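The shown structure was predicted, so the numbers you read here are calculated from the model rather than taken from an experiment. Atoms considered below: every heavy atom in the structure, side chains included; atoms not considered: hydrogens, waters and symmetry mates.
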Amino acid sequence: MSELKQTYDPATIEPRWQQFWLDQNVFHTPNPGDADFDARKPKFYALDMFPYPSASGLHVGHPEGYTATDIVARYKRQKGHNVLHPMGWDAFGLPAEQHAIATNTHPAKTTAQSIATFREQLQRLGFSYDWEREISTADPSYFRWTQWIWKQLHARGLAYESNAPVWWCEVLGTVLANDEVIDGKSERGDHPCERRPLRQWVLRITEYAERLLTELEPLDWSDSLKAMQREWIGKSEGAELDFSVHGHDGVSVRVFTTRPDTLFGASFLVLSPEHALVAVVTSAAQRQAVESYQQAAASKSELERTELAKEKSGVWTGAYAHNPLYPGDDPRGRIPIWIADYVIVTYGTGAIMAVPAGDERDFEFARKFDLAVPGIFAPKSSDAERDGKIARGELCCIDEVPYALHCRTEDGSLALMGLSLAAGKSAAIDWLVARGFGQAKVTFKLRDWLFSRQRYWGEPFPVLHTEEGVELVADDQLPVLLPQMEDFKPGGVPESPLVRAKNWVAVKDRKGRNAKREINTMPGAAGSSWYFLRFCDPTNEREFCSRSASDYWMPVDLYVGGTEHAVGHLLYSRFWTKVLHDAGFLRVNEPIQKLYNQGMIQSFAYQDARGAIVPVKDTKEVGDDVVHAMGGGKLVRIITKMSKRYGNVINPDDVVREYGADTLRLYEMYMGPLADSKPWNPKDVPGVHRFLGRVWRLCVPDDFSAGNLHAHLRSDRTEDAELEKHLHRCIAKVEGDIDRMAFNTAIAAMMIFINEATKRNGALSRSQLLRFCQILSPFAPHIGEELWQRLGGSGLLAYATWPTFDAALLHDLEVEIAVQVLGKLRGHAKVAAGAGNDVLLAAARLAVAAQLEGKTVVKEIVVPGKLVNFVVK
RNA sequence: GCCGGAGUGGCGGAAUCGGCAGACGCACAGGUUUCAAAAACCUGCGCCCGUAAGGGCGUGAGGGUUCAAGUCCCUCCUCCGGCACCA
């Protein structure tokens, strides 16, 4: 590092250190068994949700989470951990392919370009990744193992072919998984989707539903994210029971209910229009009405069925079922069977017993079609009118125990009166089981994972289809590579473009018979469901990851990313990890110990009087106001997401060019709590840059030259005691704040220290500056390393041991306490730290003597070291 | 509708366990330096009354608990995220 510049110039120091870190492999992490591995150190695995390398390059949202994990990774390294901090690319998938089609270039090529751009942009931000562990999910040496893992799933009966209706998106030309379809539209692109039956590969994630639910609980994830997964898995406990159908011997309708205790109030049954028994039970007189309703329901798109759900609709089948509470011929048990599209065929049994007195949907339906609403609860409230309505079945109420008097069978074998909700449910289930009418049943909302796509840019399945059925490609034949194709556009029919690669599709199997390759490819989430494992052992050619590597590194200690992957990626990753664990390939059962969701970085936008968004380039500042540049009224500033349309997108490259990477990192961490969404304010960026400038000048004075490098620094012997105290407090604060992911307040603490040091104008010692550089460097590594070197720190700062603090220096010898009278602050008093209550009280009385004058103190509250409060009369 | 999170100066935010609300940064104002400007540095900066000393008010709204509430409890409003006819 030859030329020593005087002023803080990130443009020269940052690229130099980045190059050095890369050239010297500074952040390479050895694995257990490697020559330079130190088994005495504890491990730490800090992982980012790896990016989807899009053609538009890095967004300011990316470095937010990446900086957070980098701070922790660098901190842990200085604290003596073996740190695994890798980066890679989620490279297969729809957007890459769409971009390739749009630019008429092969996706392999566009993806490689995007990766190169991303890598370069990330390296300009000084992240301490072990680049030797870089992986790409589209790399054959990677997806070979994705295919291999899929074979493990298949071998365990967890991958199967299905012809059930699936979400098909015409515009995207592929089927989509449940989590990729929102309100009947594709998550990506917002295109309409429809249900249609297609042969697809499906993964039996439902087999793991219970474990995915219970094993979620101990994880260190946010409550909201756990709640999202819980709701997605959607466990309901209740019962299945059978209602025999009048006039159809041996035919019964099985329903699922979470409230078997409300059987006393079941006044009709509802089947979904698609239910198989509809055709069986419908009477001749009702057949026409039923069939036209079925047709109407079928022609409604999923969108219409959910969006137009306001008004209930349905048709009576003409049939009656029998409520099992009553003897077989008792007319009181006779209830009509209806069909209605508010009952979903894919959930439960596709049929319900309707209890209008206890379920608002059933109540609404009963009202609309004038069906009976037998009251079953005896509510107790101050509102007599409401109670009366509920008792008479004129109002629906949920969860309202106690049960009404008539909630008992005539022979007394089931009597709910006086029971709690839980006891009522289990009594009802016991009763049903004893008579063979039903049994306890657990139902999940979670569906099996639709695992194939009709697109080119994804992992091929290691599957051949022969006349005798499915045959898997042998392990030693993996990976199955994609064929080179000029035209890889989707075909417009629900069939993969791979069907056109005729030479690729037609193969001979092991025994020399004619076979066809599977033409579907795997979904984007395939490669990302296990990449955290590959990072542990990225170049292994014999296994997806050695046991020794995964045993050592897994689970991930800190995983940072956005909430958008709450039910997709994070659920799939947990599923695959559990399967690999069950198959004996992994010790861990859960991949991610601690998950932290970063907020979104938003931006300012401007609205005119009509509420229309005005692009930022069309605005100008006039005094304190922002107005339309082309003449026009005052604009209102709002906070919204960054968007090309609003012209408010911040490009990280521009920020690095103007202020440097350290400033970008520091600003993104200083904006506010990592988990919060917060707006980018260009005016705030110079603030953190100024702070770095002050740090620089404290180390490198204006009159700096090689000869007087340390002349301005105090020798360590005559260190300023006050500053030393401030430094110890700063170290303690930064440590604690990194531990709780509160990077904004850690930076504020460092600013306070630098302000103190600046005020004392050069009273810092070299040792103090070196220690300060150490705590700064996880946040701003380039300036940290540069100053460390210039100050003559030994070795690389990146691996220098984190400075210690002396707990005795964290507290002053003399403290100022607050003195209150009747809870209002009236004065302050200085006392020795640790002074007894009598000393505090004496000092406090003195401080507020005027306010106590003529009053009687009835109570004295003393909070040692902080506060005294006098309660007076 | 249900679940989760939030609401604090002109702005972003701080207050980690019920104990001095507004740390730190931005913006703004005044000053030092300068031929000048930039940069840098210093000072001030919640609102109201007051020259000041001082006083009153103040953390979305209303109520409550407490010597003491941004923090705990109840009711409500607004915003953000998720789920949504799942029986």
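Within the 4.0 angstrom heavy-atom criterion, only backbone atoms of the sugar-phosphate kind lie near A:K866; the bases stay farther away. If you check every strand for non-hydrogen atoms under 4.0 Å, A:S236 touches sugar and phosphate atoms only. At a threshold of 4.0 angstrom between heavy atoms, the contacts of A:R230 with the nucleic acid are absent.
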Pairs: protein N or O with nucleotides 64-67 of chain B N or O, under 3.5 Å:
{"residue": "B:rC67", "atom": "O2'", "partner": "A:N869", "partner atom": "ND2", "Å": "3.2"}
{"residue": "B:rC67", "atom": "O2", "partner": "A:N869", "partner atom": "ND2", "Å": "2.7"}

Sort me out a list of protein N/O and nucleotides 42-45 of chain B N/O pairs below 3.5 Å, or just none if empty.
none

Quick test: give all pairs of protein nitrogen or oxygen and nucleotides 54-56 of chain B nitrogen or oxygen below 3.5 Å, distance rounded to 0.1 Å.
{"residue": "B:rG56", "atom": "OP1", "partner": "A:R826", "partner atom": "NH2", "Å": "3.3"}
{"residue": "B:rG56", "atom": "OP2", "partner": "A:R826", "partner atom": "NH1", "Å": "3.4"}

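Taking NZ from A:K725 and CG from A:D812, the interatomic distance works out to 4.0 Å, rounded to the nearest 0.5 Å.
A search for side-chain hydrogen bond (donor to acceptor under 3.5 Å, both in side chains) contacts involving A:E860 returns A:R845, not counting sequence neighbours.
Between A:Y667 and A:W680, the ring planes are perpendicular. Angles over 60° get that label, and only those under 30° would be called parallel. Ring geometry, A:F691 versus A:F772: the interplanar angle exceeds 60°, so the pair is classed perpendicular (tilted spans 30 to 60°). Using cut-offs of 30° and 60° for the angle between ring planes, the A:H565 and A:H569 rings count as perpendicular.
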- Quick one, give me the B/S/- string for nucleotides 5-15 of chain B, reading 5' to 3', where B means a protein heavy atom under 4.0 Å from the base and S means that only happens at the primed atoms, P, OP1 or OP2. ------SBSSS
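Rounding to whole angstrom units, CD of residue A:E187 and P of B:rG81 are separated by 15 Å. Across the protein-nucleic acid pair, A:Y8 atom OH and B:rA40 atom P stand 14 Å apart, rounded to whole Å.
Side-chain atoms of A:M751 lie closest to B:rG25 of the nucleotides B:rC85, B:rA40, B:rG25. Closest to the A:D737 side chain, of the nucleotides B:rU16, B:rC26, B:rC85, is B:rU16.
Pairs passing the salt bridge (charged side-chain N to carboxylate O under 4.0 Å, His left out) check and including a residue from residues 679-694 of chain A, sequence neighbours excluded, read A:E621-A:K683.
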